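Below: the structure, in structure tokens.
This one's a predicted model, so the numbers in the text were calculated from it and none came from an experiment.
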Amino acid sequence: MSLKNILALFKVNLIYANPQQTAAYRKKGKTGSKLFKSLLNQYLLLSVVFVVAYSWMFLTINLSEYPGFFTMYLALFALMAFAQSVSVIFNVFYQSEDLEDYLYLPFKQGEVFFAKFAIVALTILPFALPLFGVLLVTTLGKFSLPLGILLSLVLFLLFFALMFTLYILLVSSLTQTKVFLRHKKTFSSALMFLSSFGMVAGILYINSARSSSETYINDVLVLKDQFIIYPLYPFFKLATDPFSVSSLLIFIGLLVLLGIFTFILIKMIIPRFYLQANVEPVKKKAQGKGKKQSLKKQLLTYNFNLIKDPTLLMQFFTSTIILPLCFVFPVASIGTKMFTHLPLTYAGVTFLAGGFFAFLCLGNTSLSSVIISLDRENFSFIKSLPLSLKKYLSLKFWFTTLFQLALMSLSLLGLGLFLKLPLLLIFTLLLGTILTTIIVSLFYFARDYRLLTLNWTNITQLFQRGGGNFTRMLILFGTMLVGTLFVGLFAFLSTLSPLVGNLLIFLLALGLFIIFYYHYQKNFWEKLD
């Protein structure tokens with residue numbers, strides 16, 4: 001294999017790995033080597049951020065004495081890496097659709113796939129690097145620093161190789177089935193959503209498990225170990241007792257398992273990629289004849305198909321659901337026991353918190369901010385039909401608003417149950433989210449109509465109207481800061497005078513809702529007639 005060819009292929013595939021970020025850098029005028037360096041630096045920076053952000057989770061525990069926590073942390077970061085690998089594998093091997101082109105170029109099969117696998121490894125590395133920290137903390141509990149670093153590095157490389165090949169096998173095996181090819185968008189979107197949801201659920205469980213394991217015995221904080229995830233226990237054995245006969249057998253067994261995974265990948269999975277590149281997708285079965293849908297159902301189906309694009313949904317779930325939850329859960333988990341006994345006089349405070357959560361979730365990457373532009377040339381065609389534009393846009397608005405609201409409500413319901421909030425406080429939390437979602441969705445929906453773009457080529461162009469990722473991050477941090485201040489202020493007021501505090505919150509919220517709703521009714525909806 002030629003290193004020069006592999007590097008050239010690596011650069012090309014790095015562009016496919018994250019099309020949104022690539023489009024953002026190109027918009028800034030970066031091309032060629034500058035574009036490649038920017039994309040590469042992004043993953044290096046992300047690696048540093050993840051190592052620093054998650055180090056606090058296990059630095060305070062002597063993991064060499066807690067096999068349950070050790071295996072739990074391995075499972076969490078492996079799950080996070082899997083969530084990232086799903087979208088990357090799909091983008092690099094399927095969205096790129098370049099395998100057939102390489103057949104006519106002077107590249108060996110090994111070079112093509114080595115470059116693609118290197119890209120997948122690079123993009124999941126930031127999410128897997130905390131695993132090295134887990135292994136290092138564990139080995140240093142038993143051995144000296146030089147030996148601990150060496151042992152941790154060997155085990156990390158072995159775990160990463162097993163994890164990497166297993167993910168390639170799982171995702172590739174699924175995506176090469178006839179069922180997947182028949183419902184490609186639906187399956188890929190569902191797979192991305194489930195993996196991302198699993199990542200959030202894993203973080204939730206870790207926070208809950210750590211909090212519930214801490215108990216005081218004679219005024220001394222004692223940490224009770226978690227249950228052991230036995231498929232990952234061999235790595236604990238290798239990290240704490242690497243020189244025993246049983247550990248040697250475990251190490252040999254894991255190397256054999258890696259060899260089996262690699263053999264299956266080379267002999268069975270890779271050849272199918274080339275076959276699939278030259279085979280037409282499986283045709284859909286003919287729809288049943290004589291079944292007519294009402295116009296409303298047809299429009300709902302049409303709009304549902306608009307948002308089924310995997311790239312769009314992944315961007316939406318990451319920016320609108322997962323990112324805000326990653327901000328909220330670590331903060332909320334600190335006071336888990338305090339929330340359990342929160343009095344009902346804080347109903348107004350939880351109502352306010354629900355509103356700020358909705359504001360945190362919805363932004364220029366929400367579905368409401370792009371749903372009209374997703375019509376492309378169909379929008380002009382629909383306007384030419386004897387159909388009320390106001391009714392059509394009203395249907396689109398409520399479709400996206402209810403869709404987003406359902407996801408945020410589920411997230412908040414999970415948060416409320418996790419914090420063990422009283423049912424009334426969970427209800428007011430959801431009520432604040434509902435009212436704020438309607439108003440904020442109205443703002444971004446009207447904004448999409450005002451900045452209507454029908455000739456876009458990449459979904460990122462729509463997300464970056466009026467500000468890109470940097471603006472989004474500023475809004476997130478600003479909302480967190482302002483929201484925390486307001487919630488704290490009204491919590492203090494509710495403590496001093498529950499009736500005045502709650503009444504003030506609900507009257508202000510109701511007044512703002514009526515003002516904004518009337519504003520958009522007058523300045524947006526009525527102008528569509």
Side-chain angles (χ1 to χ4, degrees), residues 23 185-186 189 287 291-313 315-317 319-320 358-359 361-409 433-468 471-472 512-529:
K185 282 189 175 182
T186 303
S189 301
Q287 301 293 329
K291 293 182 179 179
K292 292 184 178 181
Q293 290 183 319
S294 65
L295 178 61
K296 184 177 180 180
K297 286 185 177 180
Q298 288 178 7
L299 291 175
L300 285 173
T301 302
Y302 164 71
N303 281 282
F304 180 73
N305 288 329
L306 285 179
I307 66 170
K308 281 171 62 176
D309 181 80
T311 304
L312 170 65
L313 285 179
Q315 179 74 31
F316 166 69
F317 287 131
S319 301
T320 308
F359 194 82
C361 286
L362 298 173
N364 59 334
T365 55
S366 64
L367 294 180
S368 297
S369 69
V370 298
I371 189 64
I372 305 174
S373 295
L374 289 178
D375 281 339
R376 286 186 170 177
E377 65 276 1
N378 288 338
F379 185 73
S380 300
F381 170 72
I382 290 170
K383 286 179 68 177
S384 67
L385 296 175
L387 176 68
S388 169
L389 181 62
K390 180 179 178 180
K391 289 183 178 179
Y392 172 67
L393 291 182
S394 178
L395 182 140
K396 289 180 81 72
F397 168 73
W398 286 110
F399 167 76
T400 51
T401 301
L402 293 175
F403 182 83
Q404 292 171 148
L405 188 56
L407 291 175
M408 287 189 292
S409 297
T433 302
I434 292 170
L435 294 180
T436 307
T437 298
I438 293 172
I439 295 301
V440 178
S441 295
L442 259 175
F443 169 80
Y444 282 104
F445 189 80
R447 174 181 175 272
D448 185 27
Y449 186 76
R450 178 167 48 87
L451 303 176
L452 190 62
T453 306
L454 303 177
N455 60 345
W456 54 274
T457 55
N458 190 293
I459 195 68
T460 309
Q461 293 174 242
L462 301 180
F463 289 144
Q464 293 182 341
R465 293 174 299 174
T471 304
R472 172 65 175 155
L512 288 172
F513 179 83
I514 292 173
I515 290 170
F516 280 107
Y517 195 83
Y518 176 79
H519 168 77
Y520 284 108
Q521 189 69 31
K522 193 75 176 174
N523 296 284
F524 179 68
W525 293 114
E526 289 185 5
K527 289 184 178 181
L528 294 174
D529 290 328

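What you find for A446 and Y520 is that their closest heavy atoms are CB-CE2, 4.0 Å. Nearest heavy-atom pair, K522 versus K527, reported as atom, atom and distance to 0.1 Å: O-CG, 4.3 Å.
Once rounded to the nearest 0.5 Å, the distance linking CG of L512 with NE2 of H519 reads 13.5 Å. The structure places OG of S409 at 5.5 Å from CD1 of I434, a figure rounded to the nearest 0.5 Å. Taken to the nearest 0.5 Å, the CZ atom of R447 stands 6.5 Å off from the OH atom of Y444. Separating the CG atom in L454 from the CZ atom in R376 is a distance of 9.5 Å, to the nearest 0.5 Å.
Side-chain atoms of D448 and S373 form a donor-acceptor pair, as typed in the model, at a separation below 3.5 Å. No side-chain N or O of T437 forms a donor-acceptor pair with one of Q404 less than 3.5 Å apart.
The backbone N or O of F397 lies less than 3.5 Å from a partner atom in the side chain of T400, making a donor-acceptor pair. Distance alone, capped at 3.5 Å, places no donor-acceptor pair between the S441 side chain and the I438 backbone. One N or O on the side chain of T453 and one on the backbone of L451 form a donor-acceptor pair closer than 3.5 Å.
Within the structure, the salt bridge (charged side-chain N to carboxylate O under 4.0 Å, His left out) test picks out the following pairs touching residues 392-407 (sequence neighbours left out): D375-K396.
Under the 4.5 Å side-chain criterion, counting only non-hydrogen atoms from C-beta, F445 is not in contact with T401. Annotation: side chain of I307 is not in contact with side chain of N303 (no heavy-atom distance under 4.5 Å). Contact check for L389 versus K383: side-chain heavy atoms found under the 4.5 Å cut-off. Looking at F379 and L452, their side chains come closer than 4.5 Å, going by heavy atoms from C-beta outward.
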| task | Before giving the answer on side-chain contact (heavy atoms from CB on, under 4.5 Å), spell out for F399 and F304 the whole-Å C-alpha distance, their side-chain angles and the decisive distance to 0.1 Å. | result | CA-CA 9 Å; F399 167 76; F304 180 73; 4.1 Å; yes

| task | Apply side-chain contact (heavy atoms from CB on, under 4.5 Å) to the pair W525 and L393, showing each step before the final yes or no. | result | CA-CA 9 Å; W525 293 114; L393 291 182; 4.1 Å; yes

| query | Between L362 and S368, does a side-chain contact (heavy atoms from CB on, under 4.5 Å) hold up when you go through it step by step? | reply | CA-CA 9 Å; L362 298 173; S368 297; 5.7 Å; no

| request: Give the intermediate values and the outcome of side-chain contact (heavy atoms from CB on, under 4.5 Å) for residues L395 and K296. | output: CA-CA 8 Å; L395 182 140; K296 184 177 180 180; 3.7 Å; yes

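With sequence neighbours excluded, the residues satisfying ring-ring contact (aromatic ring centres under 6.0 Å, His included) with Y449 are F524. By the ring-ring contact (aromatic ring centres under 6.0 Å, His included) test, Y517 pairs with F513, sequence neighbours left out.
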